[in-house]
Amino acid sequence: MSGSLDVGGVRLKSPVMAASGTFGYGTEVPLCDRRHLGGIVSKGIFLQPRLGTPPPRIAETPSGMLNAIGLQGPGVEALIRDYAPQWASWDFPVLVNVNGETVGEYAELAARLDGVLGVSGLEINISCPNVREGGMFFGNDPRSAAAVTSAVRQRTSLPVWVKLTPAVTDITEIARACEEAGADALSAVNTFVGMSFDLQSRQPRLAFHTGGLSGPAIRPLAVYLAHRTARAVSIPVVGIGGIAAAEDAMEFLLAGCRAVQVGTATFVDPNAIGKIVEGLRRYEELLRPPD
Amino acid sequence: MSGSLDVGGVRLKSPVMAASGTFGYGTEVPLCDRRHLGGIVSKGIFLQPRLGTPPPRIAETPSGMLNAIGLQGPGVEALIRDYAPQWASWDFPVLVNVNGETVGEYAELAARLDGVLGVSGLEINISCPNVREGGMFFGNDPRSAAAVTSAVRQRTSLPVWVKLTPAVTDITEIARACEEAGADALSAVNTFVGMSFDLQSRQPRLAFHTGGLSGPAIRPLAVYLAHRTARAVSIPVVGIGGIAAAEDAMEFLLAGCRAVQVGTATFVDPNAIGKIVEGLRRYEELLRPPD
Amino acid sequence: MTYDVPAPLVSRRKVAREMWVLGFEAAPIARTVMAGQFVNLLMRPGPLLRRPFSVYRADGDVVEIVLSAVGEGTERLLDLTRGELVSALGPLGRGFQLDAGPGRVTLISGGLGVAPMPLAARDARALGLEVAWVHGARTQAELCSEADADRYYWATDDGSTGVHGSALDAVPPSEVGHVLACGPNRMLAAVAARWPDAQVAVETYMGCGTGVCLGCAVPRTSGVYDRACTEGPVYRAGSIRWADLPAHLHYRVTA
Amino acid sequence: MTYDVPAPLVSRRKVAREMWVLGFEAAPIARTVMAGQFVNLLMRPGPLLRRPFSVYRADGDVVEIVLSAVGEGTERLLDLTRGELVSALGPLGRGFQLDAGPGRVTLISGGLGVAPMPLAARDARALGLEVAWVHGARTQAELCSEADADRYYWATDDGSTGVHGSALDAVPPSEVGHVLACGPNRMLAAVAARWPDAQVAVETYMGCGTGVCLGCAVPRTSGVYDRACTEGPVYRAGSIRWADLPAHLHYRVTA
Ligand SMILES: Cc1cc2nc3c(=O)[nH]c(=O)nc-3n(C[C@H](O)[C@H](O)[C@H](O)COP(=O)(O)OP(=O)(O)OC[C@H]3O[C@@H](n4cnc5c(N)ncnc54)[C@H](O)[C@@H]3O)c2cc1C
Ligand SMILES: Cc1cc2nc3c(=O)[nH]c(=O)nc-3n(C[C@H](O)[C@H](O)[C@H](O)COP(=O)(O)OP(=O)(O)OC[C@H]3O[C@@H](n4cnc5c(N)ncnc54)[C@H](O)[C@@H]3O)c2cc1C
Ligand SMILES: Cc1cc2nc3c(=O)[nH]c(=O)nc-3n(C[C@H](O)[C@H](O)[C@H](O)COP(=O)(O)O)c2cc1C
Ligand SMILES: Cc1cc2nc3c(=O)[nH]c(=O)nc-3n(C[C@H](O)[C@H](O)[C@H](O)COP(=O)(O)O)c2cc1C
Ligand code: FES
Ligand code: FES
């Protein structure tokens, strides 16, 4: 697994990246062996600053966690001012996770980030509510997923990755739509919508009521969706979901992914990614095509 | 939780039932305190006997398990001959989980079971591949889900429950279609399709490649889907997914379900249902509407 | 500087009904922790995420925490046998800020809110400050049997000992210095109403403890949410929108 | 009759490199188990599902199993401290069927396949049968140091002791009686080819162990799949479609 690789126009230092929203802006996580980082995807950003949702924002579930952060963030201008300059000095690529409430917002954000030093690519988060279509996720519908993708594609010269929403009837339909709309790679998958109730209050445990499920619990679902996606498109697929060890990353690579992203595992062990990359050395021969 | 209740035309002895495929035909499970059983749903049956899929059929995942049994079963005639007579002597209801590869098969099966002594109702498993439509699940599409439901409805006087497929973009669309087509209740939800790879063989761990994910891992996803379903329809909803303790059952009841089904937990503890019903006593007051 | 060290359980003692102090060997943390900071503990086998605990005492190479069993994680911790390892991440967060004496600090703790107080008393004394400690619990049996201050005052909800009422009711006007408080968030809200300049250690759910998940949101009067694990867990009492901060842990005291 | 009992670990000993025997107090199971039957053990904390193990020995109130660490469940079992509880469900499955003597049984085991043999020897003797035991492993250090038969024969893949080859190669023609075999499925396939009437104890993944999940499918020559936990785990060797039965556990022997 040593040696860098090209994934959808981005030069990764290793096949293991930090997933959006689980590594901040790359400046926070202590104790992480950065030599092993394939690259990072920054916390999801909007054009404008966002407060985020009220607490409680997270709840633990069996082998997983629900989160409803509400994409809290400083907005794109602060990101360009405060973080991009630091990124420019790092030896691994940083992709920006771009979000919007309308196709226009995504496009404007992409345009603003185009050519910003330190930004190596964009990952479009299409698991955002489309305010124009009754709050349905852009990623739930091939047409709106494609609309966002091509709008972004037209406004940037940066590599464009699209991060797929898992809870759809047929993910290959969405994947192909994004590929045709000009995506350079697909990230599969985002969190699954879930809910949990607190018995004392009889209310949902999260103030936002629903949240995104992440962690080992979703791994078999994510491996399946990443596998189907990889078979449906010819652009590279980056596997995401419940990876906590080299063996887990291997499942996604065997499923046809070119690289992986690690999220929740970094909360458990700040150096999870470093350990995964070291562990992958044991499996290098497995990755050669069978003879 | 003591005292029986009516759910979609079936008189349950308690709000906790055994889920299809996890309690056989009700004759196998040892050590289960049957006084507490609200009712059981028999292993899924087809018109004809089915061999099932080759092993390995199950694989454990974090807080969950994948299964691909392939609906192995003796066929409806053997079920009527060997099991129904025993069911007729039990003091809790037995629903038969009906399956088919075409709408016609479902309907014929329903007709054959109509009026059979010992059968208290039918639960339609729409998570079956529709051979006429390229193997897509009936439950993935409102039209085919409704078609199966009304076909069964027309051929039986028994209560008809429809068991929903979870991995769809909008479960409420399917739920409403089934309600309009004449369902008396909805069971939410079936297993989620997942996949896991074995590193030694580089192959999927299941011979069938993909399998259904069940167990505590899916609970937050199932609670969310059951909650959305309960708000979308006026017929009762029976919550299913990862219930292993009274607290878990309570989450589904707070989410708007009238009863629940327990599956995988019975594999872990043959008397899981008995313990859950006893545990629910602690929460009776919680179930009274808030004042 | 933050450390992640394998920390063996080295000691365990009971300090009140259902309330225990556990000692873990974690030298780099024990040597650098400041009052009000916390450690994030990982148990394997155990729940997926780490569990945050204020440092109760730090003695040589040993970090102590005080806890009761409220769920899976705390139960696992109390089931640990001597020598069993946890992974200890810390010290984390911003602790109490104290100016050098002369002067007086008033420690107000409710139930498990005693957690950060022994270190606070230690640091205050080192700065030449006089320390008064007011501690409240539901009943006598639930009062922490360990205290370390120049003067103590007790309060119990049932009046079984000390003042009949909450810790706040037990603060003698004469003793009010710079207030440091910890306890259920609703007790801290009452502290804020009376002493806006008090420093309070709050609790939230935490996903990471290191500032990346934004799960530990604390609503500030400035209108923003910030991170209990990074900007906190110690805040100026008057700077928090208490109505928007969930009560969380069901401490065994009323405010 | 099946029992589900809380079973404390009472003993532990090493019988080969990386191979251990654990004893659990589970009186009703110990008193009723027959050779070839198994127990399904639940560990908390531990993996979601139970883990099945053949009963190695049953002595008074104690049930013994023999195992090596191959994954999370077996690692948890080997980490248990004396007195720690597991939930033991059993006895489960159909064991070896033996007719009364005079006569001779030949036990053939590969690696961990030794598991059901001590009970098989016990029951065979009780029926007045003569017992010969042929045991194979990769190397001398991995041969189970305990054996209980009238005559023994060893085999090792590397020839470090006994016959250089598999357990099958080590069976003296003179010793062939009614064959009872256990080991990796591919070794059992070889047994079936030579002695179709042999009784073999097979392994599959198991979801429940009680006959309801159909996860433990065993492909029979009759064309059907049946349940290792209920109709099995002991079968007539000739009645199984070996090509369709996964190798599963990577036993440390070649067939
Ligand atoms: C900075 C900080 C310092 C803390 N210091 C201490 C301490 O010194 N002693 C101590 O006993 N506890 C302390 N806590 C709370 C402690 O972290 C929780 O009690 C623990 O995480 C519960 O884990 P569990 O698995 O046992 O319970 P869970 O099963 O996770 O939850 C059980 C109950 O505890 C509540 N809870 C869970 N996690 C938290 C949390 N992070 N904050 C508040 N409530 C929670 C839940 O609402 C639920 O009612 C602290 C929390 C924080 C954020
Ligand atoms: C009837 C029966 C009797 C058994 N008796 C013994 C025994 O006496 N001693 C012993 O050491 N083992 C025995 N096994 C196998 C034992 O159950 C598995 O080794 C155990 O379940 C592995 O659990 P794990 O969590 O450690 O490994 P996992 O993490 O579950 O798997 C690790 C490895 O073990 C394999 N494996 C897991 N479960 C099984 C299974 N049920 N059958 C076959 N391979 C499996 C997997 O393919 C994988 O390679 C028996 C199995 C059965 C069905
Ligand atoms: C606290 C938290 C915040 C997240 N924020 C974002 C985000 O801003 N944008 C995004 O595309 N995905 C976000 N995700 C999803 C993760 O990037 C990842 O897809 C998901 O957590 C599954 O991976 P994991 O199981 O390894 O955590 C977030 C996940 C968590 C847990
Ligand atoms: C081994 C196994 C077999 C199953 N067979 C069926 C079936 O025949 N028909 C059906 O509708 N659901 C079947 N299910 C799904 C369960 O009824 C239930 O919906 C699912 O397991 C989620 O509940 P749980 O998490 O409590 O197990 C099966 C589940 C398992 C694990
Ligand atoms: S706990 Fe993750 S940011 Fe504070
Ligand atoms: S293990 Fe479930 S039927 Fe055999």
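Just so it is clear, the structure is predicted and the values come from calculations on it, not from any experiment. Numbers restart at 1 for each chain; the letters A, B, ... are given by sequence-line order, proteins then strands.
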Contacts with chain C made by residues 58-70 of chain A (heavy-atom distance under 4.5 Å), listed by residue number
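The stretch touches chain C at A:Ile58, A:Glu60, A:Ser63, A:Gly64, A:Met65, A:Ile69.
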
Looking only at heavy atoms, which two atoms of A:Phe267 and C:Cys208 are closest? And how far apart?
CD2-CB, 3.6 Å

Evaluate the side-chain proximity of A:Asp269 to C:Leu42: yes if any heavy-atom separation is below 4.5 Å, no if none is.
no

What part of C:Arg241 lies closer than 4.5 angstrom to a heavy atom of chain A: side chain, backbone, both or neither?
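Nothing of C:Arg241, per the 4.5 Å heavy-atom cut-off to chain A.
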
Side chain / backbone / both / neither for C:Asp244 at chain A, heavy atoms under 4.5 Å:
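Backbone of C:Asp244 only, per the 4.5 Å heavy-atom cut-off to chain A.
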
Identify the residues of residues 212-225 of chain C whose heavy atoms come closer than 4.5 Å to a heavy atom of chain A, ordered by number, or report 'none'.
C:Val212, C:Cys213, C:Leu214, C:Gly215, C:Ala217, C:Pro219, C:Gly223, C:Val224, C:Tyr225

Less than 4.5 Å to any heavy atom of chain C: does that hold for the side chain of A:Leu31, its backbone, both, or neither?
side chain

Proximal component of A:Pro54, with respect to chain C [non-hydrogen, under 4.5 Å]
both

Let's test your reading of the structure: which of A:Thr53, A:Thr264, A:Thr27, A:Thr266 forms the most heavy-atom pairs below 4.5 Å with chain C?
A:Thr53

Looking only at C:Thr2, C:Leu49, C:Leu89, most heavy-atom pairs under 4.5 Å shared with chain A are made by C:Leu49

